[in-house]
Amino acid sequence: PSAVKDAPDTAPIRSILDTDLYKLTMQQAVLRHYPNARVAYKFTNRSASSMKFTRAAIERIRTHVHSLVDLTLTTAERSWLERTCPYLRPDYLDYLAEFRFDPSTQVEIKFVPSYTDAQGCEWGDLGLRVQGVWAEVIFYEVPLMAMTSSLTSSSAAPTATSTSAA
């Protein structure tokens, strides 16, 4: 059997459980101990001197981020969590079942231009800031990293580069 590769525009996050166990347990703890705490955090590209993005790449990230609004915990996913993770409290699973991402008010995405290459393609940095109630915005970290990573590992038209400007 041959493997079918996703199209370049396929959202890398397709389930609310496309995260890690740490985020689930941390969200439960934050919800219980700091339910109204507000936070803000930003993406830091540790390879910014050598890894740049095109405007198209930033727009693809924006599209993927806004598609998070469609994710919900399915009945089957909740049943799986109840069986597999008994330490996740029923009240937390109720919260997760009602949880919805709200990127239009919680996520700011910017293209920060750096240079234009010889072919006229503009390259730059990703400006990404998340803010809101901690119990809600804690859930963005893994999907945002997956979306950014999917661009740098994609075999699609170049949207991210790991070579510095000439």
Side-chain angles (χ1 to χ4, degrees), residues 1-47 51 53-54 56-111 126-157 159-160:
S2 63
V4 176
K5 195 162 183 166
D6 289 331
D9 290 330
T10 301
I13 305 300
R14 298 180 193 126
S15 165
I16 201 161
L17 297 184
D18 282 343
T19 191
D20 59 26
L21 180 58
Y22 177 75
K23 281 298 169 210
L24 292 169
T25 57
M26 282 302 298
Q27 186 182 43
Q28 176 177 256
V30 167
L31 185 62
R32 185 168 183 165
H33 298 287
Y34 306 100
N36 300 312
R38 296 188 61 78
V39 298
Y41 58 92
K42 68 177 188 162
F43 170 78
T44 300
N45 181 356
R46 295 185 183 140
S47 301
M51 182 182 295
F53 298 89
T54 63
I58 304 305
E59 288 309 310
R60 188 176 298 167
I61 291 171
R62 187 183 320 279
T63 298
H64 291 327
V65 168
H66 286 285
S67 73
L68 293 173
V69 300
D70 298 324
L71 299 181
T72 61
L73 184 70
T74 68
T75 303
E77 289 170 332
R78 182 179 178 141
S79 295
W80 182 83
L81 285 173
E82 289 170 338
R83 285 189 318 274
T84 310
C85 306
Y87 42 83
L88 295 177
R89 300 165 48 103
D91 61 327
Y92 170 67
L93 294 177
D94 291 342
Y95 172 83
L96 194 57
E98 296 298 317
F99 177 83
R100 299 297 180 272
F101 286 98
D102 186 12
S104 64
T105 64
Q106 297 169 327
V107 182
E108 179 183 353
I109 302 168
K110 293 182 180 177
F111 175 73
L126 170 61
L128 185 57
R129 179 175 158 75
V130 179
Q131 63 183 6
V133 176
W134 192 11
E136 297 171 7
V137 300
I138 194 172
F139 232 41
Y140 281 103
E141 184 180 354
V142 172
L144 291 173
M145 294 305 294
M147 291 170 191
T148 305
S149 177
S150 73
L151 289 177
T152 60
S153 63
S154 172
S155 62
T159 53

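Numbering starts at 1 and runs along the sequence shown.
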Side chain to side chain donor-acceptor pair (under 3.5 Å) between Y95 and Q28, intermediate numbers included: CA-CA 9 Å; Y95 172 83; Q28 176 177 256; over 6 Å; no
Run L128 and V65 through side-chain contact (heavy atoms from CB on, under 4.5 Å) and show every step you take. CA-CA 11 Å; L128 185 57; V65 168; 5.5 Å; no
Audit row: Q106, L68, side-chain contact (heavy atoms from CB on, under 4.5 Å) steps and yes/no: CA-CA 12 Å; Q106 297 169 327; L68 293 173; over 6 Å; no
Between N45 and L126, does the side-chain contact (heavy atoms from CB on, under 4.5 Å) criterion hold? Intermediate values first, please. CA-CA 8 Å; N45 181 356; L126 170 61; over 6 Å; no
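Sorted by first and then second residue, the pairs that involve residues 82-92 and meet salt bridge (Lys or Arg N to Asp or Glu O under 4.0 Å), not counting sequence neighbours, are R78-E82, R89-D91.
A 4.5 Å side-chain heavy-atom check between M51 and T148 finds every atom pair outside the cut-off. Put simply, the side chain of T54 does not reach to within 4.5 Å of the side chain of F111, judged on heavy atoms. Within the 4.5 Å cutoff, the side chain of V142 has no heavy atoms near those of the Y22 side chain. Side-chain contact check for C85 versus L21: some heavy-atom pair is nearer than 4.5 Å.
Checked against the 6.0 Å centroid criterion, the rings of F101 and Y140 qualify as a close aromatic pair.
The two atoms that bring K23 and I138 nearest to each other are CD-O, 3.5 Å, heavy atoms only. Smallest separation of non-hydrogen atoms from A135 and V30: N-CG1, 3.6 Å. The heavy-atom pair separating R129 from A40 by the smallest distance is NH1-CB, 3.4 Å. The shortest non-hydrogen separation linking L96 to L73 is O-CB, 3.9 Å.
Taken from CD in E77 to CG in L93, the straight-line distance is 11.5 Å, to the nearest 0.5 Å. N36 CG to L31 CG: the interatomic distance, rounded to the nearest 0.5 Å, is 9.5 Å. For the atom pair CG (L81) and CD1 (I16), the distance works out to 10.0 Å, reported to the nearest 0.5 Å. For the atom pair CG of D20 and CD of E141, the computed distance is 8.0 Å after rounding to the nearest 0.5 Å. Here the CG atom belonging to L88 is positioned 7.5 Å from the OG1 atom belonging to T25, to the nearest 0.5 angstrom. T74 contributes atom OG1, which lies 7.0 Å from atom CG of L17 (distance to the nearest 0.5 angstrom).
For the pair S149 (side chain) and A146 (backbone), a donor-acceptor distance under 3.5 Å is absent.
Residues passing the side chain to side chain contact (heavy atoms under 4.5 Å, CB included) test with T72 are R100, sequence neighbours excluded. Remark: R38 pairs with no residue by the salt bridge (Lys or Arg N to Asp or Glu O under 4.0 Å) rule, at least two apart or across chains. With sequence neighbours left out, E59 forms a salt bridge (Lys or Arg N to Asp or Glu O under 4.0 Å) with R62. Every residue two or more places apart in sequence or in another chain was checked for a salt bridge (Lys or Arg N to Asp or Glu O under 4.0 Å) with D18, and none qualifies. In terms of the salt bridge (Lys or Arg N to Asp or Glu O under 4.0 Å) criterion, K42 has no residue partners (sequence neighbours excluded).
Other residues, nucleotides and ligands contribute over 12 non-hydrogen atoms within 6.0 Å of the OH atom of Y87.
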